[in-house]
Amino acid sequence: MDANEILESYVRDVADCLPRARRDDVASELRSLLAEELAGRAQEPGRPPDRAMAMAMLQAFGRPAEYAQRYHARPALVEGADNHHFLIWATGGAVVLLMHAALNPQQHVDLDGLFLQWLGLLLLWFALAGWIRRRRPGVFRWKPSHGPEWMPRGLSALSLVATLLFPVWMYAAPQPFARMLLPSTLSVEGLALDPVFATSGIRLLTMALLVGLALGHAIALLLGRQPAWLRRCGVAVNLALGLLFVIHASPMATLDGRPFQVFASAHANTVAAPIFLGLGGMMLLVGLYYAWREWSCLRPPPARHRGALA
(Lines give C-alpha, C1' and ligand atoms only; values in the text may rest on other atoms or scores of the structure.)
Protein backbone atom coordinates (compact mmCIF):
# COMPACT_ATOMS: atom_id res chain seq x y z
CA MET A 1 0.00 0.00 0.00
CA ASP A 2 1.26 3.47 -0.84
CA ALA A 3 0.82 6.57 1.33
CA ASN A 4 -2.50 7.62 -0.23
CA GLU A 5 -4.02 4.16 0.23
CA ILE A 6 -2.96 4.16 3.88
CA LEU A 7 -4.60 7.55 4.41
CA GLU A 8 -7.78 6.36 2.71
CA SER A 9 -7.85 3.26 4.92
CA TYR A 10 -7.60 5.47 8.01
CA VAL A 11 -10.40 7.72 6.75
CA ARG A 12 -12.65 4.70 6.16
CA ASP A 13 -12.03 3.31 9.64
CA VAL A 14 -12.78 6.68 11.24
CA ALA A 15 -15.98 7.04 9.19
CA ASP A 16 -17.13 3.55 10.26
CA CYS A 17 -17.23 4.81 13.85
CA LEU A 18 -19.53 7.71 13.01
CA PRO A 19 -23.29 7.97 12.42
CA ARG A 20 -24.19 7.37 8.78
CA ALA A 21 -25.50 10.90 8.29
CA ARG A 22 -22.09 12.43 9.13
CA ARG A 23 -19.73 9.98 7.45
CA ASP A 24 -19.38 11.60 4.04
CA ASP A 25 -18.80 15.14 5.38
CA VAL A 26 -16.30 14.00 7.99
CA ALA A 27 -14.50 11.75 5.51
CA SER A 28 -14.08 14.61 3.05
CA GLU A 29 -12.79 16.95 5.75
CA LEU A 30 -10.44 14.38 7.26
CA ARG A 31 -9.12 13.32 3.84
CA SER A 32 -8.10 16.91 3.09
CA LEU A 33 -6.59 17.39 6.54
CA LEU A 34 -4.47 14.24 6.34
CA ALA A 35 -3.29 15.04 2.82
CA GLU A 36 -2.18 18.55 3.87
CA GLU A 37 -0.47 17.23 7.01
CA LEU A 38 1.38 14.56 5.06
CA ALA A 39 2.44 17.05 2.38
CA GLY A 40 3.78 19.38 5.08
CA ARG A 41 5.81 16.57 6.63
CA ALA A 42 7.22 15.60 3.23
CA GLN A 43 8.49 19.14 2.57
CA GLU A 44 10.86 19.10 5.55
CA PRO A 45 13.11 16.25 4.29
CA GLY A 46 12.47 17.23 0.68
CA ARG A 47 11.24 13.83 -0.51
CA PRO A 48 7.86 12.50 -1.65
CA PRO A 49 5.62 11.00 1.06
CA ASP A 50 5.96 7.27 1.50
CA ARG A 51 4.42 4.46 3.55
CA ALA A 52 6.67 4.93 6.59
CA MET A 53 5.97 8.68 6.72
CA ALA A 54 2.20 8.13 6.49
CA MET A 55 2.24 5.46 9.21
CA ALA A 56 4.30 7.66 11.55
CA MET A 57 1.88 10.56 11.06
CA LEU A 58 -1.21 8.40 11.67
CA GLN A 59 0.33 6.94 14.82
CA ALA A 60 0.35 10.48 16.19
CA PHE A 61 -3.33 10.88 15.27
CA GLY A 62 -4.25 7.78 17.32
CA ARG A 63 -6.55 4.86 16.64
CA PRO A 64 -9.44 5.58 14.25
CA ALA A 65 -12.03 4.90 16.99
CA GLU A 66 -10.31 7.39 19.30
CA TYR A 67 -9.99 10.05 16.60
CA ALA A 68 -13.68 9.60 15.68
CA GLN A 69 -14.56 10.74 19.19
CA ARG A 70 -13.55 14.28 18.15
CA TYR A 71 -16.40 14.34 15.66
CA HIS A 72 -18.97 12.27 17.55
CA ALA A 73 -18.41 11.25 21.16
CA ARG A 74 -19.90 7.84 21.83
CA PRO A 75 -21.76 7.85 25.16
CA ALA A 76 -20.93 5.32 27.85
CA LEU A 77 -23.35 2.43 28.29
CA VAL A 78 -23.85 3.54 31.89
CA GLU A 79 -23.69 7.31 32.21
CA GLY A 80 -21.63 8.77 35.01
CA ALA A 81 -24.71 10.18 36.73
CA ASP A 82 -26.15 6.64 36.96
CA ASN A 83 -23.05 4.99 38.46
CA HIS A 84 -24.30 5.00 42.05
CA HIS A 85 -27.72 3.63 41.07
CA PHE A 86 -26.07 0.89 39.00
CA LEU A 87 -23.83 -0.01 41.95
CA ILE A 88 -26.77 -0.13 44.37
CA TRP A 89 -28.83 -2.46 42.17
CA ALA A 90 -25.82 -4.63 41.33
CA THR A 91 -24.93 -4.99 45.02
CA GLY A 92 -28.55 -5.68 45.95
CA GLY A 93 -28.78 -8.43 43.34
CA ALA A 94 -25.57 -10.00 44.64
CA VAL A 95 -26.97 -9.97 48.20
CA VAL A 96 -30.19 -11.68 47.08
CA LEU A 97 -28.29 -14.37 45.15
CA LEU A 98 -25.91 -15.04 48.06
CA MET A 99 -28.83 -15.36 50.46
CA HIS A 100 -30.63 -17.74 48.13
CA ALA A 101 -27.52 -19.92 47.82
CA ALA A 102 -26.93 -19.88 51.60
CA LEU A 103 -30.53 -20.92 52.29
CA ASN A 104 -30.40 -23.71 49.69
CA PRO A 105 -27.08 -25.48 50.32
CA GLN A 106 -28.38 -28.75 48.88
CA GLN A 107 -29.08 -27.13 45.52
CA HIS A 108 -26.39 -26.33 43.01
CA VAL A 109 -26.76 -22.60 42.36
CA ASP A 110 -24.59 -21.12 39.62
CA LEU A 111 -23.90 -17.84 41.41
CA ASP A 112 -21.37 -16.64 38.84
CA GLY A 113 -23.73 -17.23 35.93
CA LEU A 114 -26.76 -15.73 37.67
CA PHE A 115 -24.80 -12.67 38.77
CA LEU A 116 -23.48 -12.11 35.25
CA GLN A 117 -27.03 -12.39 33.91
CA TRP A 118 -28.19 -9.85 36.50
CA LEU A 119 -25.38 -7.47 35.55
CA GLY A 120 -26.26 -7.92 31.89
CA LEU A 121 -29.91 -7.04 32.50
CA LEU A 122 -28.88 -3.98 34.53
CA LEU A 123 -26.47 -2.90 31.82
CA LEU A 124 -29.14 -3.19 29.14
CA TRP A 125 -31.66 -1.27 31.26
CA PHE A 126 -29.31 1.61 32.09
CA ALA A 127 -28.08 1.76 28.49
CA LEU A 128 -31.69 1.93 27.26
CA ALA A 129 -32.54 4.64 29.82
CA GLY A 130 -29.53 6.70 28.71
CA TRP A 131 -30.47 6.29 25.04
CA ILE A 132 -34.04 7.44 25.75
CA ARG A 133 -32.76 10.48 27.68
CA ARG A 134 -30.55 11.48 24.74
CA ARG A 135 -33.27 10.93 22.15
CA ARG A 136 -36.09 12.47 24.15
CA PRO A 137 -34.67 14.77 26.82
CA GLY A 138 -38.10 15.71 28.11
CA VAL A 139 -39.01 12.15 29.17
CA PHE A 140 -36.74 12.07 32.23
CA ARG A 141 -36.49 15.78 32.82
CA TRP A 142 -35.90 16.95 36.34
CA LYS A 143 -38.87 17.88 38.46
CA PRO A 144 -38.76 19.44 41.93
CA SER A 145 -39.56 16.98 44.71
CA HIS A 146 -41.48 17.67 47.89
CA GLY A 147 -38.82 16.29 50.21
CA PRO A 148 -38.49 12.97 52.06
CA GLU A 149 -41.32 13.67 54.53
CA TRP A 150 -43.93 14.43 51.87
CA MET A 151 -46.80 11.95 51.87
CA PRO A 152 -50.32 13.14 50.99
CA ARG A 153 -53.08 11.61 53.06
CA GLY A 154 -54.87 10.34 49.95
CA LEU A 155 -51.85 8.28 48.92
CA SER A 156 -51.40 7.02 52.48
CA ALA A 157 -55.06 5.93 52.59
CA LEU A 158 -54.73 4.14 49.26
CA SER A 159 -51.54 2.40 50.38
CA LEU A 160 -53.17 1.34 53.65
CA VAL A 161 -56.22 -0.18 51.93
CA ALA A 162 -54.07 -1.91 49.29
CA THR A 163 -51.74 -3.35 51.94
CA LEU A 164 -54.62 -4.68 54.05
CA LEU A 165 -56.39 -6.22 51.05
CA PHE A 166 -53.49 -7.82 49.26
CA PRO A 167 -50.42 -8.72 51.31
CA VAL A 168 -52.15 -8.98 54.70
CA TRP A 169 -55.40 -10.73 53.77
CA MET A 170 -53.85 -12.78 50.96
CA TYR A 171 -51.11 -14.05 53.28
CA ALA A 172 -53.40 -14.62 56.27
CA ALA A 173 -56.12 -16.52 54.38
CA PRO A 174 -54.99 -17.51 50.86
CA GLN A 175 -57.96 -19.78 50.15
CA PRO A 176 -60.75 -17.27 51.00
CA PHE A 177 -58.81 -14.59 49.15
CA ALA A 178 -58.55 -16.78 46.05
CA ARG A 179 -62.26 -17.73 46.26
CA MET A 180 -63.16 -14.04 46.18
CA LEU A 181 -61.08 -13.35 43.06
CA LEU A 182 -61.36 -16.58 41.06
CA PRO A 183 -64.43 -18.12 39.41
CA SER A 184 -66.24 -20.74 41.50
CA THR A 185 -65.39 -23.39 38.89
CA LEU A 186 -61.70 -23.20 39.79
CA SER A 187 -60.51 -25.18 42.79
CA VAL A 188 -58.44 -23.45 45.45
CA GLU A 189 -57.68 -26.57 47.47
CA GLY A 190 -54.06 -26.40 46.34
CA LEU A 191 -53.66 -23.23 48.39
CA ALA A 192 -54.19 -25.06 51.67
CA LEU A 193 -51.30 -24.30 54.01
CA ASP A 194 -48.97 -26.93 55.39
CA PRO A 195 -50.18 -27.51 59.00
CA VAL A 196 -46.65 -27.11 60.34
CA PHE A 197 -46.10 -23.87 58.43
CA ALA A 198 -49.49 -22.49 59.49
CA THR A 199 -48.36 -22.41 63.13
CA SER A 200 -44.67 -21.74 62.54
CA GLY A 201 -42.76 -18.78 63.87
CA ILE A 202 -41.80 -17.80 60.31
CA ARG A 203 -45.42 -17.30 59.35
CA LEU A 204 -46.29 -15.47 62.56
CA LEU A 205 -43.32 -13.12 62.18
CA THR A 206 -44.15 -12.49 58.51
CA MET A 207 -47.76 -11.76 59.43
CA ALA A 208 -46.66 -9.35 62.17
CA LEU A 209 -44.36 -7.49 59.78
CA LEU A 210 -47.09 -7.22 57.14
CA VAL A 211 -49.39 -5.72 59.77
CA GLY A 212 -46.52 -3.42 60.74
CA LEU A 213 -46.25 -2.34 57.10
CA ALA A 214 -49.95 -1.42 57.13
CA LEU A 215 -49.48 0.31 60.48
CA GLY A 216 -46.77 2.50 58.95
CA HIS A 217 -49.21 3.68 56.27
CA ALA A 218 -51.83 4.35 58.99
CA ILE A 219 -49.37 6.48 60.97
CA ALA A 220 -48.43 8.42 57.82
CA LEU A 221 -52.15 8.96 57.21
CA LEU A 222 -52.64 10.39 60.69
CA LEU A 223 -49.53 12.58 60.57
CA GLY A 224 -49.92 13.69 56.98
CA ARG A 225 -46.19 13.11 56.44
CA GLN A 226 -43.39 10.57 56.83
CA PRO A 227 -40.92 11.60 59.54
CA ALA A 228 -37.42 10.13 59.52
CA TRP A 229 -38.12 7.55 62.22
CA LEU A 230 -41.13 6.22 60.29
CA ARG A 231 -39.18 5.99 57.04
CA ARG A 232 -36.37 4.11 58.75
CA CYS A 233 -38.83 1.70 60.36
CA GLY A 234 -40.29 1.12 56.89
CA VAL A 235 -36.84 0.32 55.52
CA ALA A 236 -36.24 -2.19 58.32
CA VAL A 237 -39.65 -3.83 57.76
CA ASN A 238 -39.06 -4.11 54.00
CA LEU A 239 -35.64 -5.69 54.51
CA ALA A 240 -36.99 -8.14 57.08
CA LEU A 241 -39.96 -9.09 54.88
CA GLY A 242 -37.66 -9.53 51.89
CA LEU A 243 -35.48 -11.93 53.87
CA LEU A 244 -38.50 -13.86 55.12
CA PHE A 245 -39.98 -14.22 51.63
CA VAL A 246 -36.64 -15.56 50.39
CA ILE A 247 -36.81 -18.07 53.26
CA HIS A 248 -40.34 -18.98 52.10
CA ALA A 249 -38.83 -20.06 48.78
CA SER A 250 -36.27 -22.27 50.53
CA PRO A 251 -36.62 -25.58 52.38
CA MET A 252 -37.67 -24.95 55.99
CA ALA A 253 -37.49 -27.17 59.05
CA THR A 254 -38.67 -27.16 62.66
CA LEU A 255 -36.28 -27.08 65.59
CA ASP A 256 -36.35 -30.87 65.77
CA GLY A 257 -35.47 -31.15 62.07
CA ARG A 258 -38.89 -31.88 60.52
CA PRO A 259 -39.03 -30.34 57.02
CA PHE A 260 -42.04 -28.32 55.94
CA GLN A 261 -43.08 -25.97 53.17
CA VAL A 262 -45.63 -23.22 52.72
CA PHE A 263 -48.40 -25.25 51.08
CA ALA A 264 -49.53 -28.81 51.60
CA SER A 265 -49.48 -29.35 47.81
CA ALA A 266 -46.08 -30.03 46.27
CA HIS A 267 -47.22 -28.50 42.97
CA ALA A 268 -48.34 -25.30 44.73
CA ASN A 269 -44.92 -25.02 46.38
CA THR A 270 -43.19 -25.49 43.03
CA VAL A 271 -45.23 -22.65 41.53
CA ALA A 272 -44.97 -20.39 44.58
CA ALA A 273 -41.21 -20.75 45.24
CA PRO A 274 -40.02 -18.50 42.37
CA ILE A 275 -42.78 -16.00 43.22
CA PHE A 276 -41.64 -15.79 46.84
CA LEU A 277 -38.01 -15.54 45.72
CA GLY A 278 -38.74 -12.77 43.22
CA LEU A 279 -40.91 -10.86 45.68
CA GLY A 280 -38.34 -11.20 48.45
CA GLY A 281 -35.53 -10.17 46.14
CA MET A 282 -37.40 -7.07 45.00
CA MET A 283 -38.22 -6.08 48.58
CA LEU A 284 -34.57 -6.48 49.55
CA LEU A 285 -33.45 -4.37 46.60
CA VAL A 286 -36.02 -1.67 47.36
CA GLY A 287 -35.11 -1.78 51.05
CA LEU A 288 -31.41 -1.42 50.29
CA TYR A 289 -32.13 1.47 47.92
CA TYR A 290 -34.17 3.37 50.49
CA ALA A 291 -31.61 2.56 53.18
CA TRP A 292 -29.04 4.29 50.98
CA ARG A 293 -31.45 7.17 50.46
CA GLU A 294 -31.83 7.59 54.21
CA TRP A 295 -28.08 7.32 54.76
CA SER A 296 -27.40 9.99 52.13
CA CYS A 297 -30.35 12.22 53.06
CA LEU A 298 -29.51 15.87 53.67
CA ARG A 299 -29.94 17.28 57.11
CA PRO A 300 -32.90 19.66 57.36
CA PRO A 301 -31.93 23.32 57.00
CA PRO A 302 -31.78 25.40 60.20
CA ALA A 303 -35.03 27.05 61.16
CA ARG A 304 -35.35 30.60 59.85
CA HIS A 305 -36.21 33.41 62.21
CA ARG A 306 -39.35 35.30 61.40
CA GLY A 307 -37.43 38.39 60.36
CA ALA A 308 -34.85 36.50 58.27
CA LEU A 309 -36.72 37.04 55.02
CA ALA A 310 -37.64 40.64 55.69
If we ignore hydrogens and angles and just use 3.5 Å, is the side chain of [X] paired with the main-chain N or O of [Y] as donor and acceptor?
X: R134; Y: P75; value: no
X: R231; Y: Q226; value: yes
X: Q175; Y: L191; value: no
X: R153; Y: L221; value: yes
X: E5; Y: D2; value: yes
X: R203; Y: A172; value: yes
X: H72; Y: A68; value: no
X: W118; Y: W89; value: yes

So, taking the atom named [atom1] in [X] and the one named [atom2] in [Y], what distance separates them when rounded to the nearest 0.5 Å?
X: E149; Y: L223; atom1: CD; atom2: CG; result: 9.5 Å
X: L38; Y: M53; atom1: CG; atom2: CE; result: 6.5 Å
X: L285; Y: I88; atom1: CG; atom2: CD1; result: 10.5 Å
X: E294; Y: Y289; atom1: CD; atom2: OH; result: 11.5 Å
X: N4; Y: R31; atom1: CG; atom2: CZ; result: 11.0 Å

What is the ring orientation for [X] with [Y], classed by angle as parallel under 30°, tilted 30 to 60°, or perpendicular over 60°?
X: H248; Y: F197; answer: perpendicular
X: F166; Y: F177; answer: perpendicular
X: W292; Y: H84; answer: tilted

query: Taking it one step at a time, do C17 and R74 satisfy side chain to side chain contact (heavy atoms under 4.5 Å, CB included)?
result: CA-CA 9 Å; C17 300; R74 289 181 178 270; 4.0 Å; yes
Give a yes or no on this: more than 12 heavy atoms of other residues, nucleotides or ligands lie within 6.0 Å of atom [atom1] of [X].
X: Y71; atom1: OH; value: yes
X: D24; atom1: CG; value: no
X: M55; atom1: CE; value: no

message: Among residues at least two apart in sequence or on other chains, which ones pass ring-ring contact (aromatic ring centres under 6.0 Å, His included) with H146?
response: W150
field: Trace of the side chain to side chain contact (heavy atoms under 4.5 Å, CB included) decision for T206 with L209
entry: CA-CA 5 Å; T206 304; L209 288 173; 5.9 Å; no
field: Those residues that, when tested against D112, pass salt bridge (Lys or Arg N to Asp or Glu O under 4.0 Å) (two or more places apart)
entry: none
- request: For the residue pair L277 and V246, establish whether any side-chain heavy-atom pair is separated by less than 4.5 Å.
  value: yes
- request: For the pair N238 and L213, evaluate side chain to side chain contact (heavy atoms under 4.5 Å, CB included) and give the outcome as yes or no after the intermediate values.
  value: CA-CA 8 Å; N238 273 279; L213 196 64; 4.0 Å; yes
- prompt: Which residues pass the side-chain hydrogen bond (donor to acceptor under 3.5 Å, both in side chains) test with Q69, sequence neighbours left out?
  reply: none
Stepwise side chain to side chain contact (heavy atoms under 4.5 Å, CB included) check, L58 with L34: CA-CA 9 Å; L58 294 177; L34 293 178; 4.0 Å; yes
- prompt: Do you know which two heavy atoms are closest between F115 and A94, and how far apart they sit?
  reply: CE1-CB, 3.6 Å
statement: From the list T163, L222, L158, side chain to side chain contact (heavy atoms under 4.5 Å, CB included) with H217 holds only for T163
